[in-house]
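One structure below.
Please read all numbers here as calculations on a predicted model, not as lab measurements. Whatever order the structure lists them in is the order used to number ligands and atoms, beginning at 1. This chain uses plain numbering: 1 for the first residue, then up along the sequence.
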Amino acid sequence: MRLLLVEDHVPLADELLAGLGRQGYAVDWLADGRDAAYQGATEPYDLIILDLGLPGKPGLEVLREWRAAGLATPVLILTARGSWAERIDGLKAGADDYLTKPFHPEELQLRIQALLRRAHGMANQPCLEAAGLQLDEARQCVSQRGREIDLTAAEFRLLRYFMLHPGQILSKSHLAEHLYDGESERDSNVIEVHVNHLRRKLGREVIETRRGQGYRFHGVAG
Ligand code: CA
């Protein structure tokens, strides 16, 4: 999953970037509201974390512009402590959730997971489940019929993306856009290698190859 972090307080941004990276998210970071307004509307993010007090353009204005343009990406806003007016304005402008500074990193992690599941129609699940597989996002491993299977960081990222998009045809370039941040080199052959590793661990039938189109994740029933 690829996230946009918009935060002008550098120490906090650094801390969040490190934490989100460990959780397997590809993150692009911006500190300026004008840059965020443009990039958030043009790059395919799965979720956006938006501070409201920003140089260039206020976060609320950025959010209003995105929503007016029809951007449906989940947005979690970061607000100042005690500022209920800011939270209400943020929710009215189309924020999906908010966190009040300072916050515990684990709370951000859990809210991100919940927002992503909700955005993919899986709101009622306490953890990510798709057709016989249960993904433990905290420990980055998967269970299949009660058997726990270890995953590398790259396999975890790819499997999480597949599990949030069951039954959908996903091209290699689409996967690369959502698994790597804007700075990384995107090599779609690497995706193929990780797909093959996942098949070896979970069974060939889990991920179908659609010739000339990409991959389709099925999961295993029962
Ligand atoms: Ca700020």
Any side-chain donor near an acceptor of the partner, [X] and [Y], under 3.5 Å:
X    : Y    : answer
E86  : Y98  : no
D28  : Y45  : yes
E208 : H218 : yes

task: Run through the protein N/O/S atoms less than 3.0 Å from the Ca ion (ligand 1) and write them out by chain and number.
output: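 Under 3.0 Å from the Ca ion (ligand 1) - ignoring waters, which are not counted - the protein N, O or S atoms are D8 OD1, D51 OD2, G53 O.
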- prompt: Any ion pair linking D51 and K101 (charged N to carboxylate O, less than 4.0 Å)?
  reply: yes
message: Could you see if L52 belongs to whatever hydrophobic cluster contains L115? Use Ile, Leu, Val, Met, Phe, Trp, Tyr and a side-chain cutoff under 4.5 Å.
response: no
field: Pairs touching residues 168-188 that satisfy ring-ring contact (aromatic ring centres under 6.0 Å, His included), sequence neighbours left out
entry: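 Output for this query lists Y161-H174, Y161-H178, H174-H178.
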